[in-house]
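Along the sequence shown, residues carry numbers from 1.
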Amino acid sequence: PAARSAGGAVALGEHIYVAGGGRSAIDRYTPASNSWQTIAIEDSVSRDHASVVVYEEEIWVLGGRPRIDPSNTDAVLIFNPQTGVSRIGPPMTSGRSGFGSGVVGGYLVAAGGEDASAQATLADAEAYSPATGWRRIRNLALGVHGAGAAVVQGSYYLLLGSTQGGGVNNPGRVQVLPVLP
């Protein structure tokens, strides 16, 4: 329904949800009817380079940075598609943008990213569970931003990404975080 860049998308149920990308709204696409609906959310950070993930049947919009400010945010927004209500979630241990996220063994994992204000990549990873909150779990072998993340058979994969903050230098690496915790 509106232009976005550097946002994220997730599938939940029969819908695809798009968040971030400099808009303070969630767009929901229904493939069966080829239709869009814009859902207003209360997000004080109109962020881009955020990561979007489904965790415990809700949509979590993690980190990113405001379009007018190169500083990363640790802010988390949670949207419940059943109730249509958004709320502020627990902040991450550090602000990050351009990072991957996924769910492994009940933990929400965020890894890599960029410190846009320093034009540097991040080599750390953190995990969240309701029992422990956010906590740092380990360092990556290589700091990257703009990487894709996928979870397969209990391992978190961070695929490719740039090692140059504020630029592109892709070494073609795949990094694996083993089963948590």
Indicate the atoms forming the closest heavy-atom contact of [X] with [Y], along with that distance.
X      : Y      : value
Val53  : Ser101 : CB-OG, 3.6 Å
Met92  : Val76  : CG-CG2, 4.0 Å
Val176 : Ser155 : CG1-CB, 4.0 Å
Pro171 : Gly161 : CD-O, 3.5 Å
Gly63  : Ala50  : O-CB, 3.7 Å
Tyr55  : Pro130 : OH-CD, 3.3 Å

Hydrophobic cluster membership, with links at side-chain heavy-atom distances under 4.5 Å among I/L/V/M/F/W/Y: are [X] and [Y] in one?
X      : Y      : answer
Val144 : Val168 : no
Val152 : Leu159 : yes
Val104 : Ile137 : yes

Check side-chain hydrogen bond (donor to acceptor under 3.5 Å, both in side chains) between [X] and all other residues, then give those that pass, not counting sequence neighbours.
X      : result
Arg173 : none
Gln175 : none
Thr83  : none
Asn170 : none

Any donor-acceptor pair under 3.5 Å linking the side chain of [X] with the backbone of [Y]?
X      : Y      : value
Tyr156 : Ala110 : no
Arg4   : Gly22  : no
His145 : Gln164 : yes
Trp134 : Pro90  : yes
Arg47  : Ala75  : yes

- Query: Where do Tyr157 and Val174 land on the side-chain contact (heavy atoms from CB on, under 4.5 Å) test, with the steps shown first?
  - Reply: CA-CA 7 Å; Tyr157 291 80; Val174 174; 4.0 Å; yes
Under a 3.5 Å cutoff, is there a donor and acceptor pairing between the side chains of [X] and [Y]?
X      : Y      : result
Asn169 : Thr163 : yes
His15  : Thr30  : yes
Thr93  : Glu126 : yes
Ser129 : Thr132 : yes

- Query: Knowing that exactly one of Leu158, Val151, Leu140 qualifies, which makes a side chain to side chain contact (heavy atoms under 4.5 Å, CB included) with Leu177?
  - Reply: Leu140
- Message: Counting neighbours of CD on Gln37 that are heavy atoms of other residues, nucleotides or ligands and sit closer than 6.0 Å, is the number greater than 12?
- Response: yes
- Item | Identified side-chain hydrogen bond (donor to acceptor under 3.5 Å, both in side chains) counterpart of Asn80 within the set Arg87, Glu56, Glu57, Glu58 | Glu58
Is the closest side-chain heavy-atom distance between [X] and [Y] below 4.5 Å?
X     : Y      : result
Ser86 : Ile78  : no
Ser94 : Arg136 : yes
Leu62 : Leu108 : yes

- Task: Check which hydrophobic residues are tied to Phe79 through side-chain heavy-atom contacts below 4.5 Å, counting indirect links as well, and list them.
- Result: Val10, Leu12, Tyr17, Ile26, Ile39, Ile41, Val52, Val54, Ile59, Val61, Leu77
- For Leu122, which fellow cluster members are found when Ile, Leu, Val, Met, Phe, Trp and Tyr are connected by side-chain heavy-atom distances below 4.5 angstrom, either directly or through intermediates? none
State whether [X] and [Y] are salt-bridged, where the test is any N-O pair (Lys NZ or Arg NE/NH1/NH2 against Asp/Glu carboxylate O) under 4.0 Å.
X      : Y     : answer
Arg96  : Asp74 : no
Arg23  : Asp48 : no
Glu114 : Arg65 : yes

- Parallel, tilted or perpendicular: ring planes of Tyr128 versus Trp60, cut at 30 and 60 degrees: tilted
